[in-house]
Every structure is written in structure tokens, then in C-alpha cells.
Amino acid sequence: MYPIDGKLLAQEMKNEITATVSSLTDKGKNPPHLALVIVGDDGASLTYVESIKKNTKEVGILCSAYQFPASISEKELLEAIDFINQDDEVDGCIIQLPLPKHIDTKKIIQKINPKKDVDCFHPENMGKLVLGEDTFLPATPHAVMELLKRYEIETIGKNCVVVGRSNIVGKPLALLLLQNSPYADATVTICHSKTQNLQEVCAQADILLVAIGKPEFITAEYVQKDAVVIDVGIHRVEDKTTEKGYRICGDVKFNEVSKKCKAITPVPGGVGSVTMACLLKNTLKAYQQN
Ligand code: NDP
């Protein structure tokens, strides 16, 4: 078994982005600019936002955070997005989800200018993805595709099983694997909570891609010998044997699955590391198209 090193790829991608941004600013141009919209003070969201701020700074992308209280009305939030849409100095915009219950998330997403929608949440961009047209690629599925490409994992005609059908991971990932392109062209099966005989279906995969949101759910029985396993999941689970009292794990039971498969993404240090680099890449793309 060999580990698929996301940290290494993320660093390579960030170096490329840094070089491109430097070449722009050296010519006196403004750097790309990303706006973050944060509503409320959910701990996990704020940690993610801090990570975006740190990473944008590292590569020279400007980042502005628009933070609002959870009590903000839907109308006020729509106005704030309109303001960002109108601002020619802003290239990309991220709305940190989930939003409070009194706000219609669909309405908010539809308000983002599709040209600034670096998360690829807007229906126009999702539609382009379905049609195989050029658009922003959603960061996590994009990260998976970058890892497969970087490690020269053959996907053409392979039996790829995606576990999970969320709009941000499972569904777009399945679509990307299905694209008619040299790094996709897979035969794709999508599984979800109503799938019958999940174990059997997974055990037939040449490439098993897991985004199920359940810590260490996928055990060795779900995996064909010498399969490639991509673990998108990320969890903090209690572990009293560690100094911090917790450990980070994925949706796959790494210790047992890694003994059976050909290659696997670790958690942490796999897909998650590359996701951030893909978000930065989308911001640069938005800038170049602006
Ligand atoms: P969701 O909870 O939105 O989706 C989970 C999917 O798994 C659903 O489609 C659900 O089916 C399916 N599922 C749940 N239980 C089962 C089961 N027992 N058998 C088969 N399918 C099941 O999660 P996300 O897609 O948002 O995230 C998935 C994981 O990826 C999480 O661990 C999350 O933390 C992680 N993540 C990691 C990122 C990264 O950059 N590394 C980014 C985003 C997420 P159904 O539709 O029927 O309910």
C-alpha cells in the first residue's frame, strides 16, 4: 500500500498560485480578492474561516471577511451579497454554510454572482458541471480529481463507487468522474443511505470514494483487494489515549483498510489538505476571468 499524500500536492499547488500572483503584483496589478461571508459564530465555521484567511495570505490573495450576527435578516444578507456582487475589486465570494434556520439558503446561493461563485454552489455553475462545460469546480471533488491525476491513478473505464450523494461532495464528484476526459471516463456508481447491499457494491470498486460523514464506517470488508481508497470524511473523535483527548479520522478505518488496498488517502493529510488549494485556484480563476 502507498499513501496518497495530499499535503505534498497542496504545497505544490500553492507554490504555483503564489508564483502566478507574484507575477501579477510585480507588474503593478492588484492581487486576486476573495470575500468571505460568515453568519453567526459557529466554532467549526470560524476555524475554517481562519484557515482560509491564513492560506490566502500565504499565497498573496487578498481576503475580506464580512461577519454578521446570527440575527441578521434574510433581506439584509441579500443586500450584503448584492454589495459584494457590485464590488469590482472582489473576484470571488464564499458564503459559509450552514446559515441560520430563518434564512433561505437557496435564495442566498442564487444571489451570488455566478462569476464570483468560487464554491460552485450556484445552480448556473452546477448546471455547467453537469453539461461538462468550463466552470469553477467544487473544491473537495476537485481535490479528489487532482489527487487521482497527480498519482496517475487510472480512472478510464474503471469501476468507481462514490459513497454519499451530497450536493457539495458526492454528487459533483460522481459527475467529475463521469466526464468525458482523460482523467475521468469512469463507470460510476453512487451509493447513499438507502442503497441495498452497500458492502457488496463497495467491494466491487476499483476506486472507492467515501463521503458518508460517519467516522471509520468503511472497514476492510467493504474494500476489494488492491483497490484505491479515497477518504473524504473528516471527524474529531474522542480518544483518551492522546494528549489532546481526541484524534482526527476519516470515514474509512485506515489501519485495517490500508493493509488491503493498493493506495489510500490518509486523514488528516489527504483530501482535506488539497481542498483549500483548490479553493485558492478557483479564486485565481475568477480573477483571471474578471
Ligand atoms: P452529508 O452528510 O451531506 O452527506 C452524507 C452522504 O452519505 C449522504 O448522501 C447520505 O445518504 C450518505 N450516507 C449516510 N449514511 C449512510 C450509510 N449508512 N450508508 C450509505 N450512505 C450513507 O455529508 P458531506 O457530503 O457534506 O460530507 C461527507 C464527509 O466529508 C463528512 O465527513 C465531512 O466532514 C467530509 N467533508 C470533507 C471535506 C474535505 O475537504 N475533506 C469537505 C466537505 C466535507 P442520504 O443522501 O441518503 O442521506
Side-chain angles (χ1 to χ4, degrees), residues 3-7 9-10 13-14 42-52 54-55 94-99 105-106 109 118-121 126 129 136-148 150 160-177 188-205 208-219 221-223 229-237 246-254 257 264-282:
I4 298 174
D5 189 340
K7 275 192 188 157
L9 174 58
M13 289 174 70
K14 286 204 276 183
D42 171 69
S45 290
L46 293 181
T47 308
Y48 182 58
V49 164
E50 281 315 309
S51 168
I52 296 177
K54 178 174 160 279
N55 277 277
I94 289 178
I95 318 277
Q96 186 55 30
L97 302 181
L99 294 171
T105 304
K106 253 193 200 169
I109 285 173
V118 291
D119 261 335
C120 189
F121 284 168
M126 275 299 262
L129 188 68
F136 298 113
L137 300 181
T140 304
H142 185 190
V144 172
M145 300 309 286
E146 289 284 345
L147 282 164
L148 294 174
R150 167 75 166 73
C160 290
V161 175
V162 179
V163 192
R165 59 172 166 182
S166 71
N167 287 338
I168 60 162
V169 189
K171 244 184 253 175
L173 176 56
L175 285 167
L176 289 177
L177 289 161
V188 184
T189 305
I190 310 176
C191 300
H192 48 80
S193 65
K194 311 290 186 303
T195 298
Q196 291 181 357
N197 307 324
L198 181 69
Q199 189 176 313
E200 265 171 51
V201 179
C202 291
Q204 283 169 20
L208 180 62
L209 307 107
V210 190
I212 194 172
K214 293 199 156 69
E216 301 180 326
F217 183 94
I218 298 292
T219 52
E221 300 82 50
Y222 285 76
V223 180
V229 180
I230 305 291
D231 187 356
V232 178
I234 181 153
H235 309 274
R236 181 191 275 201
V237 292
Y246 68 86
R247 66 188 167 85
I248 304 295
C249 71
D251 288 348
V252 176
K253 203 161 197 172
F254 185 88
V257 170
I264 185 166
T265 53
V267 180
V271 177
S273 314
V274 187
T275 297
M276 184 60 70
C278 289
L279 196 60
L280 301 172
K281 205 171 159 178
N282 274 353

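We use all heavy atoms of the structure for the numbers below, so side chains are in, but hydrogens, waters and symmetry mates are not. For ligands, and for the atoms within them, numbers begin at 1 and follow the listed sequence.
The two residues Pro138 and Ile168 come nearest to each other via the heavy atoms CB-O, 4.4 Å. Here the closest non-hydrogen pair linking Val252 and Val210 is CG2-CG2, 3.9 Å. Smallest separation of non-hydrogen atoms from Lys14 and Ala277: CG-CB, 4.3 Å. Across Leu137 and Cys120, no two heavy atoms sit closer than the pair C-CB, 4.2 Å. Considering all non-hydrogen atoms of both residues, Ile218 and Val257 come closest at O-CG2, 3.6 Å.
The nearest protein atom to atom 15 (N) of ligand 1, hydrogens excluded, is given as Lys214 NZ, 2.9 Å; this is a heavy-atom distance. In terms of protein heavy atoms, atom 46 (O) of ligand 1 is closest to Arg165 NE, 2.8 Å. Scanning all protein heavy atoms for the shortest distance to atom 34 (O) of ligand 1 gives Ile234 O, 3.4 Å. Residue, atom and distance of the protein heavy atom nearest to atom 42 (C) of ligand 1 are Thr140 OG1, 3.2 Å. Among protein heavy atoms, atom 2 (O) of ligand 1 sits closest to Ile212 O, 4.7 Å. Among protein heavy atoms, atom 3 (O) of ligand 1 sits closest to Ser166 CB, 3.4 Å. Among all protein heavy atoms, the one lying closest to atom 18 (N) of ligand 1 is Phe217 CZ, 3.6 Å. Protein heavy atom at the shortest distance from atom 44 (C) of ligand 1 is Val169 CG2, 4.0 Å.
Put simply, the side chain of Thr105 does not reach to within 4.5 Å of the side chain of Pro98, judged on heavy atoms.
Below 4.0 Å from some heavy atom of Ile168 lie the following atoms of ligand 1, by number and element: 26 (O). For ligand 1, the atoms sitting less than 4.0 Å from at least one non-hydrogen atom of Gly233 are 29 (C), 30 (O), 32 (O), 35 (C), numbered in the order shown with element in parentheses. Interface atoms of ligand 1 facing Gly164, defined by a heavy-atom separation under 4.0 Å, are 6 (C), 7 (O), 9 (O). Near Thr275, the atoms of ligand 1 lying under 4.0 angstrom from a non-hydrogen atom of the residue are 39 (C), 40 (O). Interface atoms of ligand 1 facing Leu198, defined by a heavy-atom separation under 4.0 Å, are 19 (N), 20 (C). Close contacts of ligand 1 with His235, meaning ligand atoms under 4.0 Å from a residue heavy atom, involve 32 (O). Residue-ligand proximity, Gly272 to ligand 1, at heavy-atom distances under 4.0 Å covers atoms 40 (O), 41 (N). Applying the 4.0 Å criterion to heavy atoms of Gly213 picks out, from ligand 1, the atoms 28 (C), 29 (C), 31 (C), 32 (O).
Thr275 contributes no side-chain N or O that, together with a main-chain N or O of Ala143, makes up a donor-acceptor pair within less than 3.5 Å. A donor-acceptor pair is defined here as one N or O able to donate and one able to accept, closer than 3.5 Å; such a pair exists between the side chain of Asp251 and the backbone of Gly213. Not one N or O on the side chain of Ser51 forms a donor-acceptor pair closer than 3.5 Å with the backbone of Thr47. A donor-acceptor pair under 3.5 Å is formed between the side chain of Ser166 and the backbone N or O of Val169. In this structure, Asp42 contributes its side chain and Ser45 its backbone to a donor-acceptor pair below 3.5 Å.
Under the side chain to side chain contact (heavy atoms under 4.5 Å, CB included) test applied with Val274, the options Met145, His142, Met13, Lys281 reduce to a single match, Met13.
Considering only non-hydrogen atoms, atom 47 (O) of ligand 1 lies nearest to Ser193 out of Ser273, Ser193, Pro215.
At least one heavy atom of Val232 sits less than 4.0 Å from an atom of ligand 1.
Ligand 1 has no nitrogen or oxygen under 3.5 angstrom from a nitrogen or oxygen of Lys194.
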